[in-house]
Protein chains: 2
Amino acid sequence: MSKDYGQFCGLARAAQVLGERWALMIVRDLTVSARRFTDLHEGLPGIPTTVLTTRLRELEESAVITRRAAPSPARGVLYELTPRGRDLQPILDALGRWGAEAMASPRESEVVTDSSLASALRSAHRPGGLAGPLTYHVRSGAASAWATTRGDEVTVGPGEPSSDPDLTIDAGPELRLLLAGTLTPEEALASGGIAIAGARRLLEEFTRSFRVPLSAPAP
Amino acid sequence: MSKDYGQFCGLARAAQVLGERWALMIVRDLTVSARRFTDLHEGLPGIPTTVLTTRLRELEESAVITRRAAPSPARGVLYELTPRGRDLQPILDALGRWGAEAMASPRESEVVTDSSLASALRSAHRPGGLAGPLTYHVRSGAASAWATTRGDEVTVGPGEPSSDPDLTIDAGPELRLLLAGTLTPEEALASGGIAIAGARRLLEEFTRSFRVPLSAPAP
DNA sequence: CCGAATCCGGCATGATACTG
DNA sequence: CAGTATCATGCCGGATTCGG
């Protein structure tokens, strides 16, 4: 609904734009990379095209995203965040960590998408790791994403990394427990819930660089 | 809707609870102080009682709030944040600042409530002021709230401060511009948009301690 | 007074089909 | 590829009523 809350309040203004159904998911996908309409539609299972159209228009009116022609080889329209939209990234990362604290294992019928995996890695990253650069390629279920750490910074993206990764991680739902520290790298490998291609030492570095605590069991 | 997004993602889980209509407003009011049903209903103009009832139940199921019997003199039920709900406070403050950046002046029919004013002060506070403690009483429109700074910390509340404030500020919509730094204390007082009771020096301290930049003109 | 439950009109959402 | 068209469902907003 484009109805407001009748309050002169920053949070009310934010909620008017971001509180609409699917709006946060769309912005999250765009914090990971610019996307076309069809990319977004495929990356957000269940969203009706009508709703996607409406949200994109509203987010554009609110100066959170812009649309421009896709660069040369591709055709069509590319949606991307404006500077104002990019300001949301650390806030959504924090909100995602908050939500992830009570999220131990996937519910029936919950999937992992490229963008959700990439944004999870970004929000899980903490400084203090090896100087790098180090590139991790993570796959979980049908999703694939990569993360490159360089000093205290991290860059993430959907799909395959453009250059050969230093470590490839193939994981099931155990990835969540690995990020929580509930499961050690040794246990994860031994149980078969996680398989790697690359130096085993780098998996330990991965668990130091990416962490999301887990406070409650899965609801 | 209690429909989820079908994604194993922290942000999706957060959006399922907080993305519902009025949910963020309810939590915001509860970050300021514990409230009864009727308090919330009066502090959120336009919310239907059915929606308030439903949201309170959902937020309770998600362990964001709890309900308990109101303390002795009062009767009824008191809703308050759980520790997990309190974790949301800095995130909502950041989201409120983001929304406030594009909010220069109230739209037609937008009001200020006690809780929105109190939370605005909290999210506007920045460290580095006088050691204090200093208590400000701020009124704008029909809303009233207070803030006490003590070292680098701030405490806010709705209504009147329990002890005599060091400075009382009566403001119109110009308060937003004062917080943005667009309007100096001198200009605000001279234009009559703001009146104070207390030392004028403290108004300058107030503008140093509470600030929310303004990036775009009012949409 | 407090904390809702009930009834109802309208509109957003979700699902499917279809088009430039 | 990027949406529009159509329609059933059900949530939301507004008013009223009700038990404690």
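A note on names: the letters A, B, ... follow the listed sequences, proteins ahead of strands, and every chain is numbered from 1.
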Grab the [atom1]-[atom2] distance between [X] and [N] for me, whole Å please.
X: B/L56; N: C/dA4; atom1: CG; atom2: P; result: 8 Å
X: B/H41; N: D/dG14; atom1: NE2; atom2: P; result: 10 Å
X: B/L52; N: C/dC2; atom1: CG; atom2: P; result: 14 Å
X: B/L40; N: C/dG3; atom1: CG; atom2: P; result: 9 Å

Among the candidates [options], find the nucleotide nearest to the side-chain atoms of [X].
X: A/F37; options: D/dG13, D/dA2, D/dC12; result: D/dA2
X: B/R55; options: D/dG13, D/dG3, D/dC12; result: D/dC12
X: B/T38; options: C/dC7, D/dA2, C/dG3; result: C/dG3
X: A/R21; options: D/dC1, C/dT13, D/dG13; result: C/dT13
X: B/E20; options: D/dC12, D/dA5, C/dA4; result: D/dC12

Quiz item: Is B/R35 salt-bridged to B/E42, cutoff N-O under 4.0 Å?
Solution: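 So B/R35 does not pair with B/E42 through a salt bridge.
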
Quiz prompt | Side-chain ion pair, A/R57 and A/E60, N-O less than 4.0 Å | solution = no

Self-check item: Along DNA chain C (nearest heavy atom to each residue), the more 5'-positioned of B/E42 and B/R57
Solution: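 The answer here is B/E42.
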
Quiz item: Does B/R36 or B/T49 map to a spot on DNA chain C nearer the 5' end, using the closest nucleotide for each?
Solution: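 The answer here is B/R36.
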
Quiz prompt | Nearest atoms (heavy-atom pairs only) where B/L117 meets B/V138 | solution = CD2-O, 3.5 Å

Practice problem: For residues A/E174 and A/G193, report the shortest heavy-atom separation together with the two atoms involved. | Solution: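 Answer, listing the atom of A/E174 first, then A/G193: OE1-O, 3.4 Å.
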
Quiz item: Below 4.0 angstrom from OP1 or OP2 of C/dA12, is there any side-chain N or O of A/W22?
Solution: no

Quiz item: OP1 or OP2 of D/dG3 less than 4.0 angstrom from a side-chain nitrogen or oxygen of A/Y79, does that happen here?
Solution: yes

Exercise. Would you classify A/T54 as touching base, sugar-phosphate or nothing, given that sugar-phosphate means primed atoms plus P, OP1 and OP2, and contacts are heavy atoms under 4.0 Å?
Key: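 Contact class for A/T54: none.
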
